[in-house]
Amino acid sequence: MHILRLFARDRAALIGLVIILFAILLTIIGPFIVPYPDDAFEANILSRLEPPSWDHWFGTDDFGRDILTRVILGTGNALGVAVGVAAAAMFVGVPLGLLAGYHGGRFGEAVMRVTDVFLAVPSLILAIALAQLLHAGIGGAILALSLTYWPHFCRNVYSETRSAKTATFVEALESMGAGSTRIVFMHILPNIASPIIVRVTVGLGYIIMTAAVLGFLGIGVPPPTPDWGAAIANSRQHLPEAWWLVSFPGLAIFLAVLGFNLLGDGLRDIIDPRLRRAR
Amino acid sequence: MSASDPLLRVAQFALAFRTETGLATVLDGVDLEVARGEILGLVGESGCGKSTLVRAILGLMPAGARVLGGRIEFGGQNLLDLDEAVLSRDIRAGRIGFIPQDPFQSFNPLFRVGSQMLEIMRWHAPPEIGRSRSAHRARLLELMERVRIPAPDTALKRFPHEFSGGQLQRLMIAAAIACKPDLVLADEPTSALDVTTQQQILALLEELAREMNTAVILVTHDLGLVAQYCDRVSVMYAGQTVESFSHKRMLEGVRHPYTRLLLDCHPDRAGALRGIPGIVPGIARMPPGCRFGPRCPAVLPICSTQRPKAEMLEADHSVQCWAVSGSIAARVPADA
């Protein structure tokens, strides 16, 4: 209840939350409400490149497919990639960051240097290279993005663990013979959960954008599966006349990223009272 | 006390930290003995290595620490020979309890105090308490009654922030003795509390220790507290034990200039508040010879070149000081 009230006061975070909930809703009920369910896969040459109208609110693309339909169907894809990447990156980055931060020493140094190596390579280029090596498709895109994204998590968790480790209760637990695994996962992890949550939320927006770039470059899901990034790529040859081709998928990406960022910022303020803005 | 068989004997223990400029000796030839059921005060200024010593006894040394020599015998066993897993399983909590300095930070803020205390008992409760959760709970309730926590039943379900500092420290005492350890290490257990609470906590600790025949090492820089609660005192300076004596020598019998100055720091004795000029040298810049030399009012030429040896003045009094052993040496021929 307390958290909801804080949300209600933070208008930006509330907007973010609404956008994200709306996107999740579209993912679930999208396939049942889209006006032209068949347009997901079938071309309709007769009605190609039609501007927005009452029949096609967002217009049609160069295969005559309804853009509204394809934008809605692309939502699930974008969210799925984002959640998949975040989950995979957390699965690797969080335990590694925790252990490296807690034990420190050579092991911690080694882990940090490995993350340095990953971070030194621009993530998009690494993702493109990996996606080319792996089979095209959503699994490959998720794997590629996870590989480039886990070091961010790892470093974040590492530094949080370093500071949580100095808490007296950790020393008290050590002195009372609690095992290190237990201290790390049962006591430190819950204490650093909130920064992790914030990091994930903001990260989801970043992943959606990177995934769209991969789609734009033709490395994401294979056509004709609806994809925001791929839709923008296809629109290039028809610009500037057919402006609706690029505008609506672009708007969808923009809103999704904005939503996660606003939500992440709001969560940070709510979870960490020290950063809470006075108003 | 049988001097030949103490519960804990720290002998010539030396510990160094690795720093950028090489090894820095933090503890250098520490000697300490605690008998079963005895309360030992460990006194010294900040930075003397008291806390480091207490943690070393528990085997909790920071990364980069290296034992240079000596022994830490506990119940006839050299703790320095045991590896981390054994220490964690058999020694900590079960045989040596620990009370940290700041009660407000000593519990994980996210969990109920009851679950945290039960967690410790689940790993370390001795067989006579029993293995079952209900037995552990019963023991905890009984202890909380003993440390005068009101309504123990509901208190177990409360979160750390719902208690006052004094209450939290009582809970820490309960947690430290829950598994019936032979020795409790209390690292400045009352520094974070106000003076009246301080007295209550220490009185409680003393009462429980005497009742259960548990030995206690009370780390403090308050000699007033030591005079009130401790059977014996060890004084540390710059990583060395400079003087050890029993309670009855406290007021008139101390010999080391540092101990005397410490006693003079107490406002009740000196009338006005006095300090000791200078500060404890940093671990990287230890003076040769006697480490207290540069601040000592009774300094001799030999102090700056040679380290004084521990000298037994009486069965219950040893001191490391050239000025003291010099006066003995001067006295011996006269007696002979």
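Letters A, B, ... mirror the listed sequences (proteins, then strands); counts begin at 1.
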Can you check salt bridge (charged side-chain N to carboxylate O under 4.0 Å, His left out) on B:E119 and A:R182, steps first, answer last?
CA-CA 10 Å; B:E119 184 182 336; A:R182 202 174 169 76; 2.6 Å; yes
For residues B:P100 and A:F169, determine if any side-chain heavy atom of one lies less than 4.5 Å from a side-chain heavy atom of the other.
no
Rounded to the nearest 0.5 Å, what's the gap from OG1 on A:T166 to CD on B:Q105? Could you check?
9.0 Å
Test item: B:H124 side-chain N/O and A:M176 main-chain N/O as donor-acceptor pair under 3.5 Å
yes
Which atom pair, heavy atoms only, marks the closest approach of A:T168 to B:D102?
CG2-O, 4.3 Å
Does CZ belonging to A:F91 count more than 12 external heavy atoms closer than 6.0 Å?
no
Under a 4.5 Å cut-off applied to non-hydrogen side-chain atoms, are A:M186 and B:F111 in contact?
no
So for B:F104, is it side chain, backbone, both, or neither that comes closer than 4.5 Å to the heavy atoms of chain A?
neither
Considering only heavy atoms and a distance below 4.5 Å, find which of B:G94, B:A176, B:S106 pairs most often with chain A.
B:S106
Looking at B:P160, B:C179, B:A93, which one has more heavy-atom pairs under 4.5 Å with chain A than the rest?
B:A93
Separation between CD1 (A:I183) and OG (B:S88), nearest 0.5 Å, reads 7.5 Å
Rounded at 0.5 Å granularity, tell me how far CG in A:L173 sits from CG in B:N108.
7.0 Å
Picking from A:S175, A:G104, A:G105, which has the most non-hydrogen pairs under 4.5 angstrom with chain B?
A:S175
Check each atom of B:R122 against the heavy atoms of chain A and say whether the ones under 4.5 Å are side chain, backbone, both or neither.
side chain
Do other residues, nucleotides or ligands put more than 12 heavy atoms under 6.0 Å from the CZ atom of A:R113?
yes
Working to the nearest 0.5 angstrom, can you tell me the gap between A:E174 CD and B:L87 CG?
12.5 Å
Evaluate whether atom CZ of A:F107 has more than 12 neighbouring non-hydrogen atoms of other residues, nucleotides or ligands under 6.0 angstrom away.
yes
